[in-house]
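The structure appears right after this line, and notes come after that.
Chain identifiers are assigned alphabetically (A, B, ...) following the order of the sequence lines, protein sequences preceding nucleic acid strands; residue numbering begins at 1 within each chain. Quick caveat, the model's predicted, so the values are computed rather than measured.
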Number of protein chains: 2
Amino acid sequence: MWNHGGMVLPRDYTRQNCSMARALEIVGERWTLLIVRDAFFGVRRFSDFSRHLDVPRAVLTERLGLLVAEGVLEREPGPRGGYLLTDKGRALWPVLRALVGWGDEYCAPRGPRRLFDHAGCGGRIDPDGRCRDCGAAVAAADTVMSPGPGFDPPVGDEVVTAALARPRRLLEPIR
Amino acid sequence: MWNHGGMVLPRDYTRQNCSMARALEIVGERWTLLIVRDAFFGVRRFSDFSRHLDVPRAVLTERLGLLVAEGVLEREPGPRGGYLLTDKGRALWPVLRALVGWGDEYCAPRGPRRLFDHAGCGGRIDPDGRCRDCGAAVAAADTVMSPGPGFDPPVGDEVVTAALARPRRLLEPIR
DNA sequence: ACGTTCGGTTCGGTCATTGAACCGACATGT
DNA sequence: ACATGTCGGTTCAATGACCGAACCGAACGT
């Protein structure tokens, strides 16, 4: 393995002299952003990430460890504590929102799969993160996510999949 | 190889029922977002991407081919035509801006490496893409990028690296 | 005409990812 | 007490992706 605890110049985006390259060293690997997305959706436990994402558990172990080491997630105290987003992790919300917005516009012929509304006033949230009604920049914690027209009803009976089929406030734990 | 020209359900983020997973199928692989970033910076030619990113040329060939196949880039006509961002590609700018903003805030102790200003009125552009002075949402084509306090002066003498050390308007070709 | 650059392709070695099996600690049921 | 299941991982062999270097024909510079 390449990193974990040692020096923190992994891959070799290093020479790029660009903050995006640094950011991608942390969240640019396969599965990582999907793990962070699930954390925004309220997933906190190893087994829930594993079942919902269907990622190999060895990879999940490595990614969660890296995200904790980089300060994106933190471990809940206790023997079987979950993984929670830190401030640094919650600051990734604009990145995820922008990616979802792009995917909705160009990769979702039946329209958005998930809609994001401002919990305060109920207005739809624009692609750039502003409430269409009150104009405020809306944080993840004030965002309510509901299934959109492109949403496919889930087939499995997992707790996580089922929970995401109903309107939910972001960051609220699923269990 | 897994895709290229055939059906378009590569990897297996497929079951995720989320536009972000679809987006990551296109731009989530190693190097891809850095290639797109360079395209915003005005890079158009295979050899310039290759030199500036120091990516293996076989990988660059594959990534450029995939981005063209997905409609993010298009090929300039002619024998040695460059790679240009399409509308779909230019729509990725908010994603890159958000990533750069996050990296600047959490991975750049000496401050931002690149500053983004509104070409119209000269105001700094906020992390969410608005001009601090005039309040408008600024498109990439109206953005001027300059070196910031965290910028390290380049060592090499490549055309691309040298060009990025001076203020430049995004999407303007480097040569 | 000649060397150089461009835009790749091919190749072997290395590294990462995958799916499956395995594991101890803990909880639950009977 | 005992069995059975869940949780949070680790280990392993096989596959796939990536890397660096070499090679190649077509276009360009002079």
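- Residue pairs that meet the ring pair (Phe, Tyr, Trp, His ring centres under 6.0 Å) test with at least one member in residues 86-127 of chain B, sequence neighbours left out, are B:Phe40-B:Trp93, B:Trp93-B:Phe116, B:Trp102-B:Tyr106.
- Applying a 4.0 Å cut-off to non-hydrogen atoms, none of the residues of residues 36-47 of chain B approaches DNA chain D.
- Heavy atoms of B:Phe49 sit nowhere under 4.0 angstrom from any nucleic acid atom.
- Rounded to whole angstrom, the span from the CD atom of B:Glu29 across to the P atom of D:dC19 amounts to 11 Å.
- Within the structure, ring pair (Phe, Tyr, Trp, His ring centres under 6.0 Å) pairs that include any residue of residues 134-169 of chain B do not occur (at least two apart or interchain).
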Side-chain donor-acceptor contacts of residues 161-172 of chain B below 3.5 Å, not counting sequence neighbours, with atom names and distances?
from, atom 1, to, atom 2, distance (Å)
B:Thr161, OG1, B:Glu158, OE2, 3.0
B:Arg168, NH2, B:Glu172, O, 2.7
B:Arg169, NH1, B:Ala141, O, 3.0

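- Evaluation of the side-chain contact (heavy atoms from CB on, under 4.5 Å) rule for B:Val95 yields A:Ala98, A:Leu99, B:Leu92 as partners, not counting sequence neighbours.
- Residue B:Leu60 contributes atom CG, which lies 11 Å from atom P of D:dC19 at whole-angstrom precision.
- Distances from the side chain of B:Val59 to the nucleotides D:dC19, C:dG8, C:dT18 place D:dC19 closest.
- B:Asp126 meets the side-chain contact (heavy atoms from CB on, under 4.5 Å) test with B:Asp128, B:Arg132; sequence neighbours excluded.
- Partners of B:Pro112 according to the side-chain contact (heavy atoms from CB on, under 4.5 Å) rule, which considers only residues two or more places apart in sequence or in another chain, are B:Asp104, B:Leu115, B:Pro149.
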Pull out every protein N or O sitting under 3.5 Å from an N or O of nucleotides 22-28 of chain D, one pair per line with the distance.
from, atom 1, to, atom 2, distance (Å)
D:dA22, N6, B:Arg57, NH2, 3.3
D:dA27, N3, B:Arg80, NH2, 3.2

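- Remark: B:Arg57 is not positioned above the aromatic ring of B:Phe46, lacking an NZ or CZ atom under 6.0 angstrom from the ring centre and at most 45 degrees off the axis.
- Taking five base pairs at each end of the helix from C:dA1-D:dT30 to C:dT30-D:dA1, the local helix axes there meet at an angle of 30°, rounded to 10°.
- The distance from atom CZ of B:Arg75 to atom C1' of C:dC6 is 10 Å, rounded to the nearest whole Å.
- Screening residues 77-86 of chain B for salt bridge (Lys or Arg N to Asp or Glu O under 4.0 Å), with sequence neighbours left out, gives no hits.
- The shortest side-chain heavy-atom distance between A:Arg30 and A:Val55 does not fall under the 4.5 Å cut-off.
- Counting to the nearest Å, the P atom of D:dC18 and the CG atom of B:Leu34 are 14 Å from each other.
- Legend: residues meeting side-chain contact (heavy atoms from CB on, under 4.5 Å) with B:Glu76, ordered by chain and number and at least two apart, are B:Arg44, B:Leu84.
- Among the nucleotides D:dG9, C:dT17, C:dT18, the one closest to the side chain of A:Thr61 is D:dG9.
- Atom CD in B:Glu76 sits about 10 Å away from atom P in C:dG7, given to the nearest Å.
- Spacing between atom CG of A:Asp48 and atom C1' of D:dG8 amounts to 12 Å, rounded to whole angstrom units.
- Atom CZ in A:Arg30 sits roughly 10 Å away from atom P in D:dC18 (whole-Å rounding).
- In terms of phosphate contacts, B:Tyr83 brings no side-chain nitrogen or oxygen within less than 4.0 Å of OP1 or OP2 of C:dC6.
- Residues forming a salt bridge (charged side-chain N to carboxylate O under 4.0 Å, His left out) with B:Arg90 (at least two apart in sequence, or on another chain): B:Asp87.
- At least one side-chain nitrogen or oxygen of B:Trp31 sits closer than 4.0 Å to the OP1 or OP2 atom of D:dC19.
- Side-chain contact check for B:Leu53 versus B:Arg37: some heavy-atom pair is nearer than 4.5 Å.
- The side chain of B:Arg175 places no N or O atom within less than 4.0 Å of a non-bridging phosphate oxygen (OP1 or OP2) of C:dT5.
- Summary of the strand contacts: B:Gly82 and A:Pro56 both lie near DNA chain C, and taking for each the nucleotide with the nearest heavy atom, the more 5' one is attributed to B:Gly82.
- Distance, B:Glu62 CD to C:dG7 C1': 16 Å, rounded to whole Å.
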